[in-house]
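Working notes, structure below.
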Amino acid sequence: MQAKLSTMFQSLRVRNYRLFATGQLIKLIGVWMMFIAQDWLVLELSDNSATALGVVTALQFTPVLLLTLLSGRLADRYDKRMLLFVANAFWTVLSLAMSILVLTGLVQLWHVFTFAALLGVANAVETPVRQAFVSELVGMPLLPNALSLNAAVFNSARIVGPAVAGLAIAVVDVGPVFLVTALSSIAPLVNVVRMRTDELHRKDLPPVGERDQARVVDGLRYVARRPDILLPMVLMSVIGMSLFNFQLTLAALAKTVFNTGAASFGLFSTALAAGALVGALAGTGRRSRPSVWLVLGAAIGCAVFGTLVGLAPAYWMVVTLLLPAGFFMIYFAQAANQRVQLGVDASFRGRVMALWVLVFLGTNPVGAPLIGWVAETYGAGASIWAGGLISLTAALLALTWQLRRSGARLRMRVLPMPRFYVVSPGAK
C-alpha cells in the first residue's frame with residue numbers, strides 16, 4: 001500500500017512541480033468559492049434567471065473561444081513561467097476589484113458580466129500555458145502522473161471550495177467569499193517566482209529562432225493530420241458543450257427544482273467533485289498513453305450517468321448519481337487529455353494544448369446560453385438529460401467510426417458479469 005501511494009504521488013518529489021501544485025490548489029479553492037458566490041449573486045440580482053446564469057457562463061468562456069489559439073502560440077514562443085505569472089497577476093487584480101464592489105454593496109449585474117468576461121481573458125492566456133508547462137516541470141516520464149495529479153488538485157478544490165462557499169454565503173454573504181478568492185490567487189504568484197529555472201525540462205524544445213516561427217495554422221494542420229488526436233478533441237467539444245455545464249445547471253437545479261439554499265447547491269457541486277477526485281486518482285498509476293478504447297468507454301459512462309442525473313426525481317438521488325457522473329466526467333477528460341499530450345511533438349505542444357483548451361472550455365459560450373434557455377423553459381433537469389443524450393449519441397458515433405476505421409469489433413462473453421471488450425483484426 002505504501003509503495004502504491006508513493007507511486008501515486010511521485011511527481012510531488014519534483015520541487016518545481018510541488019510548488020506549482022500547491023499554488024494551484026490554494027488558488028483553485030478560492031476560484032471555486034468564487035464560482036459559487038458569483039452564481040448565487042447573479043440569481044439574486046436577476047430574480048433567479050437561469051438565462052442570466054447562462055450569459056455569465058458564456059461571457060466567462062467567450063475569451064477562451066477567441067484568444068486561446070493565440071495563447072498557444074505564445075506558449076510555444078515565450079517563457080511559460082513568465083506568462084503564468086502575468087496571467088495570474090491580472091486575475092488577482094480583477095478579483096480584488098470585484099470583491100470591493102460586492103463588499104461595498106455597489107455591485108450590479110453588469111459588473112458581474114464585465115468581471116466574468118475579463119476573468120475569461122486571464123483564463124484564456126493562463127490555461128493553455130499551464131497545460132503545456134507541466135511537461136517542463138516533470139519531464140515526459142512523469143507526465144501521465146503529473147497530469148492526473150493536476151486533475152486531483154483541481155477536483156480537491158472543487159470539493160473544498162463549494163462546500164466552504166455554501167456555508168460562508170449562508171453565514172456572511174457573498175462579499176467575503178470574493179475577498180478570499182482574491183487573496184488565494186496570490187499563492188501561485190509567489191510559487192512561480194520560487195521555482196528553479198535550471199531544473200525545468202526544456203531540452204526537447206526547439207531553438208528560440210525556430211520557436212519564433214510558430215504559427216497557429218501550423219498547429220491546426222498538425223492536429224488535422226493526426227486522427228488519434230483529432231478524435232478525442234472532437235468528442236470533447238461535443239460533450240463539453242452539451243454536458244459539461246454543471247456550474248450552470250446544478251445551480252438552477254438546486255434553486256428552481258428542489259427549492260434549496262446555497263449550502264445544498266454546494267453539496268451538489270461537492271458530490272460531483274468527490275466522484276471526479278476519485279476518477280483523477282484512478283489515473284495516477286497510468287504509465288503510458290491511454291488507448292482510444294479507454295477514452296471512448298469513459299465518454300459513454302460520462303454520458304449515461306449525466307443523463308441519469310437529469311432524470312433523477314429526488315434530491316438524494318441527484319447527490320448519489322453525481323458521484324459516478326463526476327468520476328466518469330474527469331476520467332474521460334483526463335484520459336483524453338493524456339492521449340493528446342502524450343502523442344504530440346514538443347514543438348507543437350503549446351498550440352495543440354491551446355486547441356484542447358478551446359474544445360474543453362471554449363465550447364461553453366456556444367452551449368451555455370442554449371442550456372440556460374432550456375433550463376428556464378423546460379426545467380433544469382431537462383437541460384441536463386438532454387445534454388447527456390447528445391453526449392451519448394456523439395460517443396456511440398465515435399465508437400462506430402473507430403471500429404470501422406480500425407477493423408476491430410465488439411464481442412460479449414457470458415461471464416459472472418458480462419464484459420465488453422475490443423478485438424483487433426486477426427486476434428484470436
Side-chain angles (χ1 to χ4, degrees), residues 27-68 71 87-128 130 154 157-158 161-162 165 169 173-185 240-241 244-252 255 262 265 269 357-358 360-373 375-376 383:
K27 175 189 173 182
L28 287 172
I29 289 174
V31 168
W32 280 104
M33 291 178 66
M34 184 270 293
F35 282 156
I36 300 297
Q38 176 184 270
D39 290 349
W40 211 252
L41 181 62
V42 168
L43 290 173
E44 289 181 349
L45 295 175
S46 65
D47 195 22
N48 295 333
S49 172
T51 301
L53 275 181
V55 171
V56 168
T57 303
L59 288 171
Q60 196 165 292
F61 291 106
T62 295
V64 176
L65 185 64
L66 299 176
L67 302 176
T68 292
S71 299
N88 278 295
F90 184 52
W91 180 289
T92 300
V93 172
L94 288 173
S95 299
L96 283 171
M98 186 63 184
S99 65
I100 291 173
L101 283 174
V102 179
L103 285 169
T104 56
L106 299 175
V107 67
Q108 299 179 33
L109 188 58
W110 71 268
H111 290 143
V112 185
F113 288 162
T114 304
F115 172 69
L118 291 175
L119 281 185
V121 173
N123 200 33
V125 175
E126 192 263 356
T127 305
R130 172 166 44 83
F154 180 81
R158 287 184 66 179
I169 292 171
D173 208 358
V174 294
V177 176
F178 278 96
L179 182 59
V180 169
T181 296
L183 295 177
S184 67
S185 64
M241 180 173 61
F244 281 22
N245 289 286
F246 284 116
Q247 177 189 343
L248 160 64
T249 54
L250 290 182
K255 196 167 181 85
F265 170 35
S269 298
V357 172
L358 179 63
F360 186 61
L361 297 178
T363 51
N364 276 274
V366 179
L370 179 60
I371 293 295
W373 176 81
E376 193 164 328
S383 68

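For the numbers below, each heavy atom of this structure counts, side chains included, while hydrogens, waters and symmetry mates do not.
Val102 and Val174 make their closest contact through CG1-CG2, 3.6 Å (heavy atoms, listed as atom of the first residue, atom of the second, distance). The nearest pair of heavy atoms linking Val107 to Leu45 is O-CD2, 4.5 Å. Listed here is the closest heavy atom pair of Ile371 and Met241: CG1-O, 4.4 Å. For the residue pair Ser383 and Thr249, the shortest heavy atom distance occurs at OG-CG2, 3.4 Å. Nearest heavy-atom pair across Leu101 and Thr104 is O-OG1, 3.2 Å. Minimum interatomic distance between Ala165 and Ile36 (heavy atoms only, all atoms of both residues): CB-CB, 3.8 Å.
Residue pairs meeting the salt bridge (Lys or Arg N to Asp or Glu O under 4.0 Å) criterion with at least one member in residues 41-66, sequence neighbours excluded, do not occur. For residues 101-127, the pairs satisfying salt bridge (Lys or Arg N to Asp or Glu O under 4.0 Å) are Glu126-Arg130, with sequence neighbours left out.
Rounded to the nearest 0.5 angstrom, Asn123 CG and Asn88 CG are separated by 10.0 Å.
Between the Thr127 side chain and the Ala124 main chain, no donor and acceptor come within less than 3.5 Å of each other.
Counting heavy atoms from C-beta on, the side chains of Met34 and Leu119 come closer than 4.5 Å. Taking 4.5 Å as the limit, some side-chain heavy atom of Met98 sits within range of a side-chain heavy atom of Val112. For the pair Val121/Phe90, a side-chain contact is recorded, criterion being any heavy-atom separation below 4.5 Å from C-beta on.
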For residues 177-184, please give each side-chain donor-acceptor pair under 3.5 Å, one per line with the distance, not counting sequence neighbours.
residue : atom : partner : partner atom : Å
Thr181  : OG1  : Gly30   : O            : 2.6
Thr181  : OG1  : Val177  : O            : 3.2
Ser184  : OG   : Val180  : O            : 3.3
Ser184  : OG   : Thr181  : O            : 2.9

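A centroid separation of 6.0 Å or more is found between the aromatic rings of Trp110 and Phe113.
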